[in-house]
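Every value quoted in this text rests on a predicted model; they were computed, and no experiment measured them.
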Amino acid sequence: MNVLDFARAFFSDGAHWHGYDGIPTRFGEHVRYSLEALLIAAAIGLPVGLVTGHYGRGGNALAFLATAGRALPSFGLLVLMFIWIGFGLLPVMIPLVVLAVPPILVTTYEAVRSVDPSPVDAARGMGMPEARVLFQVEVPVALPLILSGLRTAAIQIVSTATIAAYVSLGGIGRYIIDGLYQKDYEKVVGGATLVAGLALVTLALFWAVSRLTVSPGVRRSG
């Protein structure tokens, strides 16, 4: 059997569509893990990136933190957190958030720094407060790059959230881990196909959000 045959056999098996180990349940778990990790990472990375980008300070420190965060192996950090904290969702969330913060943080910083200073200076010359300068002048122009950082983080989280299965949690990774242990390659290929499909759906969602939120003028200038 080839990969397509394994995938066809997996998705055509009615047993994989029902119960606690069914595709809808595992898919929902994976989406929940991914959304929670992305929201936490965004809550950390966006404010820091916006403020440091606006004032133009801390760029070197952000680059160092981003490099350190990317260098950490997600699976190794998962094992360490599991040993330290024990069972639960927290040992999974920590490596996923650590993985997702750097692209959000650095891209947001660079997006704000890349805004043309002329309208920013004009807004300040009109007496506009710094918060309004950031959110009414800089953020609308920087939004495409900011969304690209969020998109990169989301794809990384979706792809890496399979590690939740290593600590006996659910998600799509359950098919991959259980399939490898049982030598059931239909499950392995089916799980990998679901992860790839979810990544494509994530890309489509961010494309739609970009079309809805980024002004046409900014899209054309980009």
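His30 contributes a side-chain N or O that, together with a main-chain N or O of Ile172, makes up a donor-acceptor pair within less than 3.5 Å. Thr52 contributes no side-chain N or O that, together with a main-chain N or O of Tyr109, makes up a donor-acceptor pair within less than 3.5 Å. With hydrogens and angles ignored, the 3.5 Å screen pairs no side-chain donor or acceptor of Trp84 with any backbone N or O of Val79.
Val101 is not listed as a side-chain neighbour of Ile40, based on a closest heavy-atom distance of 4.5 Å or more. Between Met128 and Val137, the closest side-chain pair of non-hydrogen atoms falls below 4.5 Å. Under the 4.5 Å side-chain criterion, counting only non-hydrogen atoms from C-beta, Thr107 is not in contact with Thr152. For the pair Leu147 and Leu150, the minimum side-chain heavy-atom distance is below 4.5 Å. Within the 4.5 Å cutoff, no side-chain heavy atoms of Arg151 are placed close to those of Thr202. Here the side chains of Glu110 and Val106 are in contact, with some heavy-atom distance below 4.5 Å. You'll find the side chain of Val120 reaches within 4.5 Å of the side chain of Glu138, heavy atoms only. For the pair Tyr33 and Leu169, the minimum side-chain heavy-atom distance is below 4.5 Å.
Here Leu46 contributes atom CG and Thr108 contributes atom OG1; the two are 4.5 Å apart, rounded to the nearest 0.5 Å. Here the CG atom belonging to Leu198 is positioned 11.0 Å from the OG1 atom belonging to Thr162, to the nearest 0.5 angstrom.
Nearest heavy-atom pair, Ala165 versus Arg174, reported as atom, atom and distance to 0.1 Å: O-NH1, 3.1 Å. Scanning all heavy atoms of the two residues, the minimum distance from Thr213 to Leu143 falls at O-CD2, 3.6 Å. For the pair Ala111 and Leu145, the tightest heavy-atom approach, listed with the atom from each and the gap, is CB-CB, 3.4 Å. Nearest heavy atoms, Leu134 versus Leu50: CD1-O, 3.9 Å.
Applying the 4.5 Å side-chain rule to ILVMFWY residues, one finds Val51 in the same cluster as Tyr55.
Contacts of Arg32 classified as side-chain contact (heavy atoms from CB on, under 4.5 Å), with partners at least two apart in sequence or in another chain: Glu36, Leu89.
For residues 156-184, the pairs satisfying ring-ring contact (aromatic ring centres under 6.0 Å, His included) are Phe10-Tyr175, Phe75-Tyr166, with sequence neighbours left out.
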